[in-house]
Amino acid sequence: MDMSKLRKQGLSESPMGSRPPIVRAMADRMCAMKIEDLLASERSLEKKVLAYLKKHGPKKWIEVYRHFDHGALGEVGPVLRLLASLKQIDVEALGYIQITRVGINRITKGRQASPAW
């Protein structure tokens, strides 16, 4: 199909392009909401992992993984890697993970800013 003719009519070859603008806007908003929910869930898991390590001390990676990954969804692995890259946890040579001062500061500041947390 000739794209120039479609563009003149305000259409495109994509399925969403042929829909009214309100439908496209609603679909975009739903995608944005799903992304926001996923990010909020990940941030929540990050804080839970940090609080767990602060309370229980250094733990083996596999112990932390098993503690938080009940549904075997693999969600905690990326969170642990992210926390390590942000220097909020320290992964030692023997596979132990411990919270760092940066991680402690994150959860301490989070509690001060939001008492309900």
> Which heavy atom of F68 sits nearest a heavy atom of K48, and at what distance?
Replying inline: CZ-O, 3.6 Å
>> Looking at S85 and L82, would you say the former's side chain and the latter's main chain have a donor-acceptor pair under 3.5 Å?
In response: yes
> Can you name the nearest heavy-atom pair linking V102 to K87, along with the distance?
Replying inline: CB-O, 3.5 Å
> If you group Ile, Leu, Val, Met, Phe, Trp and Tyr by side-chain heavy-atom gaps below 4.5 Å, do V91 and I104 land in one group?
Replying inline: yes
> Looking at NZ of K59 and CZ of R66, how far apart are the two atoms once the value is rounded to the nearest 0.5 Å?
Replying inline: 12.5 Å
>> Does atom OH (Y52) have a neighbourhood of more than 12 heavy atoms from anything else shown, all under 6.0 Å?
In response: yes
> Roughly how far, to the nearest 0.5 Å, is the NZ atom of K54 from the CZ atom of R106?
Replying inline: 13.5 Å
>> Please find the pair of heavy atoms, one from L50 and one from I99, that lie closest to each other, and give the distance.
In response: O-CD1, 3.4 Å
>> Test of understanding: clusters of I, L, V, M, F, W, Y form through side-chain heavy atoms closer than 4.5 Å, transitively. Do I89 and Y96 belong to the same one?
In response: no
> Looking at CG of L53 and CD of Q88, how far apart are the two atoms once the value is rounded to the nearest 0.5 Å?
Replying inline: 11.0 Å
>> To the nearest 0.5 Å, what is the distance between CG on L80 and CG on L45?
In response: 8.0 Å
